[in-house]
Amino acid sequence: MKHLGAREPFGERGGMFPGVGEATSYAFERRLSRRNLLGGGSEGGQSPPPRRHPVITIDGPAGAGKSTVSRELARRLGYRRLDTGAMYRAVALSVAAAGVAPDDEPALRAHLDGLTLETDGSRLWINGREVTGEIRTQEIGELTSRLTTLKPVRDTVTPIQRRLAAAGGVVLEGRDTGTVVCPDAEMKFYLDASLDIRARRRHAELTRGGVSMALDAVRKEIETRDEQDMTRAIAPLRRPADAIVVDATDLTVNEVVERMLEAVERRRCCTRS
Ligand code: DC
């Protein structure tokens with residue numbers, strides 16, 4: 001891509017999200033400092049330890065509630081949020097609009113090279129035009145699923161996601177954020193829920209949005225999406241070995257977020273010295 005970067009609040013001037021609480025992130029910073037991951041300044045040297053706030057990843061299958069949960073978790077922690085799936089959806093929208101065939105690798109690479117994609121974590125702009133409202137259609141969902149299996153697409157988007165996460169103080173959500181994008185994240189969650197409940201939630205969401213689709217068809221679609229996400233060769237959906245699994249089948253959003261916050265707090269206590 002010609003340029004793919006951050007709009008506020010990922011920009012240098014901060015922005016619409018509340019600032020990251022300094023005290024609450026202290027233990028993480030100490031740990032990062034011990035692991036010498038912060039860059040600059042040396043352990044035990046004269047200069048104060050450099051600062052980086054934690055990176056939290058939430059991976060999981062379609063419909064498990066990652067979007068809502070990550071938004072709320074980020075809000076409660078005062079962190080930024082990065083919806084990695086939305087970035088892929090925006091790329092898919094641009095591919096569709098340009099009429100590029102996913103299988104035509106040279107054309108796809110040329111298209112990606114000429115693309116400008118910006119995000120503030122939730123909203124997205126393609127070549128300067130906001131596309132946030134256009135990426136959630138069925139067609140774009142299907143094309144995204146196809147495109148995310150392709151190396152040129154992942155090779156383009158993953159480094160950008162890493163760059164956006166590098167400053168810390170961020171909750172990333174997606175399929176590979178704890179395994180591929182940020183394998184060194186301080187805190188990883190895998191959010192799961194039964195196929196049945198995910199289908200019911202998605203069905204209710206569609207109905208609210210005025211889309212009429214049989215529950216069985218929604219279930220089948222989610223099943224197909226799971227299969228694609230889990231079996232693809234590049235960056236398949238996997239539970240990171242060091243992730244905390246949260247099964248949201250019988251939990252409300254608030255209960256899920258509370259569990260995650262408790263885990264964050266526990267980790268904080270463990271790393272406090
Ligand atoms: O979460 P979502 O439905 O907006 O994701 C859209 C598609 O992108 C879905 O097929 C999974 C894929 N995806 C991915 O491959 N890697 C990510 N980190 C996020 C999403």
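- Ile222 and Ile58 fall into different hydrophobic clusters, where Ile, Leu, Val, Met, Phe, Trp and Tyr side chains are chained together by heavy-atom contacts under 4.5 Å.
- You'll find the side chain of Pro106 reaches within 4.5 Å of the side chain of Asp104, heavy atoms only.
- The hydrophobic clustering, which links ILVMFWY residues whose side-chain heavy atoms are closer than 4.5 Å, places Leu237 and Tyr88 apart.
- Residues Leu112 and Leu108 have side chains in contact (heavy-atom distance under 4.5 Å, counting atoms from C-beta outward).
- By the 4.0 Å N-to-carboxylate-O rule, Glu72 lies close enough to Arg75 to be salt-bridged with it.
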Item to complete: Apply side chain to side chain contact (heavy atoms under 4.5 Å, CB included) to Leu73 and Leu261, showing your working.
Response: CA-CA 7 Å; Leu73 183 66; Leu261 286 169; 3.7 Å; yes
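- Between the side chain of Asp192 and the backbone N or O of Asp247 there is no donor-acceptor pair closer than 3.5 Å.
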Worksheet item: Given Arg225 and Asp229, is the salt bridge (Lys or Arg N to Asp or Glu O under 4.0 Å) satisfied, shown in steps?
Response: CA-CA 6 Å; Arg225 186 68 51 89; Asp229 289 345; 5.5 Å; no
Worksheet item: Can Ile126 and Leu115 be said to form a side chain to side chain contact (heavy atoms under 4.5 Å, CB included), step by step?
Response: CA-CA 7 Å; Ile126 290 273; Leu115 208 61; 4.2 Å; yes
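- The salt bridge (charged side-chain N to carboxylate O under 4.0 Å, His left out) pairs that include a residue from residues 152-162 are Lys151-Asp155, Arg154-Asp176, where partners are two or more places apart or lie in different chains.
- Distance alone, capped at 3.5 Å, places no donor-acceptor pair between the Arg80 side chain and the Ala74 backbone.
- Of all heavy-atom pairs spanning Thr57 and Gly178, the tightest one is OG1-CA, 3.5 Å.
- Not a single donor-acceptor pair under 3.5 Å links the side chain of Lys188 to the backbone N or O of Ala241.
- Considering only residues two or more places apart in sequence or on other chains, Met213 meets the side chain to side chain contact (heavy atoms under 4.5 Å, CB included) condition with Gln138, Leu206, Ala217, Val218, Glu221.
- Residues Leu147 and Val100 are members of one and the same hydrophobic cluster, defined by side-chain heavy-atom contacts under 4.5 angstrom among Ile, Leu, Val, Met, Phe, Trp and Tyr.
- No salt bridge links Arg239 with Asp59; every basic N to acidic carboxylate O contact stays at or beyond 4.0 Å.
- Closest of all the heavy-atom pairs between Glu105 and Pro152 is CG-CG, 3.8 Å.
- Side-chain atoms of Thr144 and Arg89 include no donor-acceptor pair closer than 3.5 Å.
- One hydrophobic cluster holds both Val245 and Met230 under the rule that ILVMFWY side chains link at heavy-atom gaps under 4.5 Å.
- No more than 12 heavy atoms of other residues, nucleotides or ligands shown are found within 6.0 angstrom of CZ on Arg259.
- If you take CD on Glu142 and CD on Glu139, they are separated by 7.0 Å, rounding to the nearest 0.5 Å.
- Side chain of Thr249 to backbone of Ser194: a donor-acceptor contact under 3.5 angstrom is found.
- By the side chain to side chain contact (heavy atoms under 4.5 Å, CB included) test, Pro236 pairs with Arg232, Arg238, sequence neighbours left out.
- The CZ atom of Arg201 sits 9.0 Å away from atom OG1 of Thr68, with the distance rounded to the nearest 0.5 Å.
- A donor-acceptor pair shorter than 3.5 Å cannot be found between the side chains of Thr177 and Gln161.
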Practice prompt. Could you go through the side chain to side chain contact (heavy atoms under 4.5 Å, CB included) check for Val91 and Met87 one step at a time?
Written response: CA-CA 6 Å; Val91 169; Met87 293 175 75; 5.8 Å; no
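- Across Leu191 and Ala248, no two heavy atoms sit closer than the pair CD1-CB, 3.9 Å.
- For the pair Arg81 (side chain) and Val171 (backbone), a donor-acceptor distance under 3.5 Å is absent.
- Using a 4.5 Å cut-off between side-chain heavy atoms of Ile, Leu, Val, Met, Phe, Trp and Tyr, with links allowed through other members, Tyr190 and Val257 fall into different hydrophobic clusters.
- Taking Ile, Leu, Val, Met, Phe, Trp and Tyr as members and joining any whose side-chain heavy atoms lie under 4.5 Å apart, directly or through other members, Ile234 forms no hydrophobic cluster with any other residue.
- For the side chain to side chain donor-acceptor pair (under 3.5 Å) test, residues two or more places apart in sequence or in another chain that qualify with Arg136 are Asp83.
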Item to complete: Determine, step by step, whether Glu173 and Ser67 satisfy the side chain to side chain donor-acceptor pair (under 3.5 Å) criterion, reporting the C-alpha distance in whole Å, the side-chain angles of both residues, the deciding distance to 0.1 Å, and the verdict.
Response: CA-CA 7 Å; Glu173 64 115 327; Ser67 289; 3.0 Å; yes
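- Between Arg267 and Glu186, none of the side-chain N atoms (NZ, or NE/NH1/NH2) sits under 4.0 Å from a carboxylate O, so this pair counts as no salt bridge.
- Although no hydrogens or angles enter the test, the distance criterion places a donor-acceptor pair under 3.5 Å between the side chain of Thr207 and the main chain of His203.
- Residues Leu117 and Ala90 come closest through the heavy atom pair CD1-CB, 3.8 Å.
- Clustering of Ile, Leu, Val, Met, Phe, Trp and Tyr side chains at separations under 4.5 Å leaves Leu215 isolated, with no partner residue.
- Residues Thr156 and Ile160 come closest through the heavy atom pair O-CG1, 3.3 Å.
- Of the charged side-chain nitrogens involved, none lies within less than 4.0 Å of a carboxylate oxygen, so that Arg219 and Glu223 do not count as a salt-bridged pair.
- Using a cut-off of 4.0 Å between Lys/Arg side-chain N and Asp/Glu carboxylate O, Asp103 and Arg146 are scored as salt-bridged.
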Item to complete: Take Val131 and Trp125, measure what side chain to side chain contact (heavy atoms under 4.5 Å, CB included) needs, and give me the verdict at the end.
Response: CA-CA 6 Å; Val131 295; Trp125 292 260; over 6 Å; no
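- Taking SG from Cys182 and CG from Leu164, the interatomic distance works out to 9.5 Å, rounded to the nearest 0.5 Å.
- Between Asp216 and Lys220, none of the side-chain N atoms (NZ, or NE/NH1/NH2) sits under 4.0 Å from a carboxylate O, so this pair counts as no salt bridge.
- Shortest non-hydrogen contact noted between Ala62 and Asp226 is N-OD1, 4.0 Å.
- Taking OG of Ser94 as the start and CD of Glu134 as the end, the distance is 11.5 Å to the nearest 0.5 Å.
- For the pair Thr132 (side chain) and Leu124 (backbone), a donor-acceptor distance under 3.5 Å is present.
- When side chains are defined from C-beta on, Val170 does not count as touching Tyr79, because their heavy atoms never get closer than 4.5 Å.
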